Amino acid sequence: MGYTFVLDGEQYQKCRYMAFQPTLSEENNPYIKEFLEKELRAGSGYD
């Protein structure tokens, strides 16, 4: 059992245990870093 979802018009299938763990790569690392930094600022009350 797993998850099927569409992101930016592309369909993906992921294992149920890995569905929301993004694959790290040189291509997507900047986006993951930006997301985490925004989450950190949002949690601290600073934006």
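All figures in this text were calculated on a predicted structure; none of them were measured in a lab.
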Tell me if the OH atom of Tyr12 is crowded by more than 12 foreign heavy atoms within 6.0 Å. yes
Under 6.0 Å from the CD atom of Glu27, do we count more than 12 heavy atoms belonging to anything else shown? no
Between the side chain of Asn28 and the main-chain N/O of Leu24, is any donor-acceptor distance below 3.5 Å? no
Going by side chain to side chain contact (heavy atoms under 4.5 Å, CB included), name the residues that satisfy it together with Leu36, two or more places apart in sequence or in a different chain. Ile32
Pairing residues for Glu34 by the side chain to side chain contact (heavy atoms under 4.5 Å, CB included) criterion, not counting sequence neighbours: Lys38
Find the distance between CZ (Phe5) and CD (Gln11) and round it off to the nearest 0.5 Å. 9.5 Å
